[in-house]
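We count ligands from 1, going down the list as the structure has it; atoms in each ligand are counted the same way.
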Amino acid sequence: MNKRDVALNIIGGDAAPKKQKGVGWSPVNIALCKYWGKRDQELNLPLTSSLSVSLDPLGAQTQIEPLSDGADVFVLNGEECAPDSQAALRVSAFLDLFRVDRRLGFRVSSTSDVPVAAGLASSASGFAALSVAIDDLFQLGLDRESLSILARLGSGSASRSLYSGFVEWFAGSRDDGMDSFSRRLDVEWPELCIGLLEISDQPKKISSRDAMASTVATSMLFQAWPQRVNHDLKMIKDGIAARDINEVGVAAEGNALAMHATMIDTRPSVLYWTPDTVRAIHSVWQLRESGVEVYLTMDAGPNVKLICTTQHLAAVKSAFPSVTIVRPFSLNYS
Ligand code: PMV
């Protein structure tokens, strides 16, 4: 099955815009147990399940309007992207899945609260918000699991951005991916804090899509990755259920470093870290040695995210004065 068949299967073959404008909002998400490696490139089907926490109130706000002249327009953070730019081409390719009438164009306008393409999951919230906006424009009334499947067709990790809180994305086993969607875990953890340390806001040199594909193709360490995920996913879920920051932190930090180990083992090697990334890792470890329960995670970029609870928040903020703290279960900024 190709992407378009999956999308048309969900939205229906005669779907058409029913309003002048559709809107959608979706949160950014950070994986505690990472998605790294696909079993199907076309449908973005993962080899393993993964688990994230959404970073409300950070997210993407998207608006979509039909255009009669056929050409798409993509406006990102107030600036119109060149039609041949990577961002505009990706959005147009996604819109093709919903273009029942080939003459129909769309104007998509999206604002993101995080630097684009810097490993802070801007594409995840972007494709999730766009899926919600399309659902609104076409008045489809889709459930979250269907929206999660649609968002996955734009970017794998987008399947997790349809929910707030902790979210698990099931690998599934079907070839058409209809069992590979995300669901929210029924858990609240008001004391949980995620810290964003912006090391660089420069777009990355190699996309996560390309890095993932070459890791799967050439890294020998990647053979052990599914086993690593099985272990860490269970530990993170147990830790979340017990609100045990040590259990969650040890597993999440180890999982992120293991993912980066598979990237480093890729030929040619993929290394997203800068000297400042390594300095931040050492600072987190030093802080932990001094008794502060803080852990880190990283995605396909140089930035570092911190995981702690309100108990040690003051110490974390004083060690990292530039950190942005998000409290996913309590919308107080601190
Ligand atoms: O959704 P993609 O193709 O950008 O992949 C994202 C992969 C990581 O961010 C590195 C891990 C994850 O689970 O989000």
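Residues Tyr35 and Trp169 place their aromatic rings such that the two centres sit under 6.0 Å apart. Aromatic ring centres of Phe329 and Phe166 lie closer together than 6.0 Å.
Each of the atoms 12 (C), 13 (O), 14 (O) of ligand 1 lies under 4.0 Å from some heavy atom of Ala31. Interface of Gly156 with ligand 1, defined as ligand atoms under 4.0 Å from a residue heavy atom, comprises 1 (O).
A donor-acceptor contact shorter than 3.5 Å is absent between the side chain of Ser161 and the backbone of Ser157. Side-chain N or O atoms of His260 include one that pairs as donor or acceptor with a backbone N or O of Asp299 at under 3.5 Å.
Note: Ser283 OG to Leu306 CG = 10.0 Å, rounded to the nearest 0.5 Å.
Within the 4.0 Å heavy-atom cutoff, Ala300 counts among the residues contacting ligand 1. Ligand 1 has no atom lying under 4.0 Å from any heavy atom of Ala124. Heavy atoms of Lys34 come nearer than 4.0 angstrom to ligand 1 in at least one pair.
Under 4.0 angstrom from ligand 1, there are no non-hydrogen atoms of Ser50.
With contacts defined as side-chain heavy-atom distances shorter than 4.5 Å, the pair Leu196/Leu55 qualifies.
At a 3.5 angstrom cut-off on N or O pairs, Trp36 does not count as close to ligand 1. For ligand 1, the polar-atom distance check finds no N/O of Lys38 at less than 3.5 Å from any of the ligand's N/O atoms. Considering backbone and side-chain N/O of Ser155, one or more are found under 3.5 Å from N/O of ligand 1.
Within 6.0 Å of NZ in Lys19 there are more than 12 heavy atoms belonging to other residues, nucleotides or ligands.
For atom 12 (C) of ligand 1, the nearest non-hydrogen atom from the set Met298, Met263, Arg160, Met212 comes from Arg160.
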